[in-house]
Protein chains: 2
Amino acid sequence: MAAPTLRDVAKRANVSIRTVSNVVNGYAPVSDELRARVQAVLDELGYRPNLIARNLKQGRTGMIALVVPELDVPYFAELAREVIKAARTRGYVVMVDQTDGDVERERELLGRDSRATMFDGLLLSPLAVTAEELRGRGNKVPIVLLGEHIFNGSFHHVAIDNVAAAREATAHLLDLGRRRVAAIGDQPYATGETAQLRTAGYRQAHARAGLDVDEGLVVATPHFHRRLGAEAMERLLALPEPPDAVFCYNDLLALGAMRALTRAGRRIPDDVAVVGIDDIEEGQYSTPSLTTIAPDKGEIARTAVDMLLESINGSAATPTETVVPHRLIVRDSTAGEPV
Amino acid sequence: MAAPTLRDVAKRANVSIRTVSNVVNGYAPVSDELRARVQAVLDELGYRPNLIARNLKQGRTGMIALVVPELDVPYFAELAREVIKAARTRGYVVMVDQTDGDVERERELLGRDSRATMFDGLLLSPLAVTAEELRGRGNKVPIVLLGEHIFNGSFHHVAIDNVAAAREATAHLLDLGRRRVAAIGDQPYATGETAQLRTAGYRQAHARAGLDVDEGLVVATPHFHRRLGAEAMERLLALPEPPDAVFCYNDLLALGAMRALTRAGRRIPDDVAVVGIDDIEEGQYSTPSLTTIAPDKGEIARTAVDMLLESINGSAATPTETVVPHRLIVRDSTAGEPV
DNA sequence: CATGATGTCTGCAACGTTGCAGAGCCCTCA
DNA sequence: TGAGGGCTCTGCAACGTTGCAGACATCATG
């Protein structure tokens, strides 16, 4: 049996469709008596408003889309959690999609994919899409970018200060007296803007400490997964003069690096200290626990959702860049007892 | 400027709205010449179909909802990834929501929350909702349950054989010669069905090996997070006769337990061997790497999505219970060199 | 040449809802 | 007593799309 509509309720209650609608929404004044009668029929038939019809009428859906590279990367999972939570308190639900780092899929979402018409707005954590592509897209769905620092001034955008974060992480290692600090995660090509910002911060920390960077200690990785962290670390350990500390561009790389260190019999942090970025929960329970730069994910999510909703409601016309705070959390991988 | 509609295109191309629709959808035959002319206008105006209107007309949205307790729990994140992937290959997108283990939110989703009318179907990984509540719900949105083994026969449902999985995990420890095998994660109350199935498997393994279970080694935890695994392990280590192995009801508990063991200076697996369930990626990179029971998450997702779509299309009338395969993956936490 | 088949194209209605304008009705007050 | 105003309630139209039935022209066929 099909779901009951306003028409069904109206017929049974002997009132107009419009009145039933008014009772459901509490819009116009309805006498207590009639309201009660209509409500009884609503309950009896188990009426539930058809949101699709309502959306068509109102031109909005109450849904936003969140697009991340990979949902099973802990950072994105934790961020998604916060986004869903923030959206919910504002009456929105979240459609989640992942691009798997596929530029083509990112482009589809912005361009031809008419699926986008179903959402009031889009939160995008871009991997490869460029500013020009974003600018060139025809569709006018409001968009807020997450976690990148590029596209200066062209789009609403929320991120941490990547240069400062990387600088602080590196400085922490230098402050501990380490003098051969490696970096894992550089991406010296067009789509690696974030990585490059972190490399810049790494260099800044050295410069401020009056130290030179040994270019052989800067290892590039095409993505930020555990395996590449482990492989990079193995390569670093094979150097004639291996590092005594390593700054990884995210926690997964760091966890992979720690795994490689443990396997190789190096002690953390005695032989090699390790720092990451992201503060994923896993790093609190790793052995040793991981020192990291913690972006305020809840703040990122709330800010981004607020920006998007403002943008949807037409208020926030000029693109805003918001920098969300981060902080260094020192754990055993730099300051603990050796394991 | 508002998005162009079929009407706008029709007016500009001097044809009927219906013909434009036919060109867009390729439904009815349209002469090549006219098709080209209409297509030109479509491109010129950048027409994109309004999916909300299409959905209203067709009564389906091409969206399904996935509801999990917590998206940032790695198992659910990995599962969500597979669900989104499976849905995409079938032309569906996925709205993700999390209940935070809140029974009330689970109920809302099934009951009054009219949001549900926006989705063609619902994939639910229930924590606390009971069979009666599910049966009693008024709404008729097709539903498929994930990962529980309860509600026998009443609902479409996909899961691994929890009893067998737990039995195999425990048997693996017993086969290694361990004789004081603890269990972390029992939930001896109404909403803990899955945990109870795993406890049953743990007991079966002992029974088959002709061994008694020391009830003091079965530790209950209200949920399955790292911290509780660590706390439970600490309590076990404080026993006069601590265990020489521990079967944890999921990988997070196991990782927490390993953390507690390492902190306490116990060697894994020499002093205490550890097994989990879920095969989350983190367990491959932990120190030591974690032996676990791996459910086939891709298969779970594909099966669940297929079931749901069949259910949506009205073909699968009788509730189906599908058991998805799992396998034991032996890693260093039971078989490796001590660390 | 009449007939029917085929190939293109069109208008109407409807999906379920809400915005708008207004219709009754009762009450108040001059 | 009648004008005006407030309170309820209603009907129409529309959101943008597609299903349906049919119009019209063309063509092959007997």
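Quick note on labels: first sequence line is chain A, next is B, and so on, each numbered from 1. Hydrogens, waters and symmetry mates are skipped; everything else that's a heavy atom, side chains included, is used.
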Side-chain N or O of A/T5 less than 4.0 angstrom from OP1 or OP2 on C/dC15?
no
Indicate yes or no: at least one non-hydrogen side-chain atom of B/L309 is less than 4.5 angstrom from one of B/Y92.
yes
At under 4.0 Å, does any side-chain N or O of B/T19 touch on OP1 or OP2 of C/dC9?
no
To the nearest Å, how far apart are B/D8 CG and D/dA14 P?
15 Å
Less than 4.0 angstrom from a charged side-chain N to a carboxylate O is my criterion; do B/R302 and B/E299 meet it?
yes
What is the distance, rounded to the nearest whole Å, between atom OH of A/Y47 and atom P of C/dG16?
10 Å
With DNA chain C as reference, determine whether A/I17 or B/A53 sits nearer its 5' end, using the nearest nucleotide of each.
B/A53
Calculate the interatomic distance between B/L56 atom CG and C/dA14 atom P; express it in whole Å.
14 Å
On a heavy-atom basis, which atom in A/S125 and which in A/F76 lie closest, and how many Å separate them?
OG-CE2, 3.3 Å
By the 4.0 Å heavy-atom rule, please label B/N55 as base, sugar-phosphate, or nothing.
nothing
Is the phosphate of C/dT17, meaning OP1 or OP2, less than 4.0 Å from a side-chain N or O of A/Y27?
no
Does a side-chain N or O of A/S16 approach OP1 or OP2 of D/dT10 to a distance below 4.0 Å, or not?
yes
Whole-Å distance, A/K57 NZ to C/dC20 C1', equals 9 Å
With a non-hydrogen cut-off below 4.0 angstrom, is B/L34 in contact with a base, only sugar-phosphate, or nothing?
sugar-phosphate
Is the closest side-chain heavy-atom distance between A/Y27 and A/N22 below 4.5 Å?
yes
Euclidean distance, atom CZ of residue A/R18 to atom P of C/dG16 [Å, nearest integer]
17 Å
